[in-house]
Amino acid sequence: QSRLVESGGGSVQSGESLTLSCKFYRYSFGSSGCLGWFRQAPGKEREGVASIDGGVETTYADAVKGRFTISQDNAANILYLQMNNLKPEDTAKYLCAADRRRCEVMNRFYRAGAYEYNYWGQGTQVNVSA
């Protein structure tokens, strides 16, 4: 059974950087399929942060554009989220997700309020203080 394990979270100050990793076990990155990062703060809805389709096409939430970068290492089966210029409002648990369907499909589900990714990690906590 496929398993996703996040790491790299921690406590930082505003303006600092973190890189999150998501290691995939028994799940090979193919030329198609969608990998994504979500976050969830206490009392708030899960929020899509970034997605990458086929290792090439990326999308970002407006709140993180220009600050976060999603990427993947196909050889190591790792998904990354580079987060720069962190702000207190970035504080949340960050989760990675994967699905064999295209991001175009998965993002449509998300905009409709559904989280349809087949595989999810347990999350890693990011705390940003002012």
Side-chain angles (χ1 to χ4, degrees):
Q1 187 172 350
S2 300
R3 189 163 64 98
L4 282 58
V5 180
E6 301 94 337
S7 61
S11 296
V12 297
Q13 293 189 323
S14 184
E16 292 185 339
S17 299
L18 280 175
T19 299
L20 304 183
S21 299
C22 177
K23 173 69 176 175
F24 288 65
Y25 297 90
R26 288 188 288 278
Y27 187 102
S28 295
F29 293 171
S31 58
S32 63
C34 188
L35 307 178
W37 284 99
F38 288 75
R39 64 186 182 187
Q40 189 161 19
K44 292 189 176 181
E45 292 283 326
R46 187 170 294 186
E47 174 188 20
V49 174
S51 64
I52 184 167
D53 190 298
V56 178
E57 188 174 336
T58 58
T59 58
Y60 297 92
D62 288 342
V64 306
K65 276 180 184 175
R67 299 188 298 123
F68 290 13
T69 302
I70 186 171
S71 63
Q72 63 186 76
D73 182 334
N74 291 340
N77 262 19
I78 299 176
L79 177 70
Y80 296 102
L81 185 67
Q82 172 68 42
M83 305 185 296
N84 297 328
N85 191 22
L86 282 161
K87 304 176 181 181
E89 51 264 42
D90 294 319
T91 293
K93 177 184 279 190
Y94 284 72
L95 306 98
C96 58
D99 199 282
R100 293 299 184 190
R101 292 168 286 186
R102 296 286 307 273
C103 282
E104 179 182 0
V105 174
M106 307 314 298
N107 291 338
R108 194 157 58 235
F109 281 130
Y110 173 68
R111 287 192 293 271
Y115 306 99
E116 290 289 326
Y117 284 80
N118 278 323
Y119 303 100
W120 289 88
Q122 294 298 307
T124 185
Q125 182 68 35
V126 173
N127 297 312
V128 185
S129 57

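Note that this is a predicted model, so its numbers are computed, not measured. If you read the sequence from its start, that first residue is 1, and numbering goes on from there.
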Which of parallel (below 30°), tilted (30 to 60°) and perpendicular (above 60°) describes Tyr110 and Tyr115? tilted

Quick one: pull up [atom1] in [X] and [atom2] in [Y] and give me the separation to the nearest 0.5 Å.
X	Y	atom1	atom2	result
Asn77	Leu35	CG	CG	9.5 Å
Leu20	Gln125	CG	CD	10.5 Å
Asn127	Thr91	CG	OG1	5.5 Å
Ile52	Gln72	CD1	CD	4.5 Å
Ser2	Trp120	OG	CH2	15.0 Å
Asn85	Ser14	CG	OG	6.5 Å

Is the distance from the ring center of Tyr119 to that of Phe24 below 6.0 Å? no

Is there side-chain contact between [X] and [Y], with at least one heavy-atom pair below 4.5 Å?
X	Y	value
Tyr60	Arg67	no
Asn107	Ser51	yes
Tyr94	Glu6	no
Met83	Asp90	no
Trp37	Cys22	yes
Leu86	Glu16	no
Leu95	Arg46	yes
Leu4	Leu79	no

Under the 6.0 Å and 45° cation-pi test, does Arg100 pair with Tyr27? yes

In terms of side-chain heavy atoms, does Thr19 have a donor or acceptor partner in Gln82 at a distance below 3.5 Å? yes

Side chains of Asn84 and Ser17, donor plus acceptor under 3.5 Å: yes

Common cluster, [X]/[Y], ILVMFWY with side-chain heavy-atom separation under 4.5 Å:
X	Y	result
Val64	Leu18	yes
Phe38	Phe109	yes
Tyr80	Val49	no
Met106	Ile70	no

Count the heavy atoms belonging to other residues, nucleotides or ligands that lie under 6.0 Å from [atom1] of [X], then report whether that count exceeds 12.
X	atom1	result
Lys23	NZ	yes
Gln122	CD	no
Glu116	CD	yes
Glu45	CD	no

Minimal heavy-atom distance between Ala92 and Arg39, with the atoms involved, is CB-CB, 3.8 Å

Check the pair Arg101 / Arg108 against side-chain contact (heavy atoms from CB on, under 4.5 Å), numbers first and verdict last. CA-CA 11 Å; Arg101 292 168 286 186; Arg108 194 157 58 235; over 6 Å; no

Residues Lys65, Asp62; criterion salt bridge (charged side-chain N to carboxylate O under 4.0 Å, His left out); working and verdict: CA-CA 5 Å; Lys65 276 180 184 175; Asp62 288 342; 3.2 Å; yes

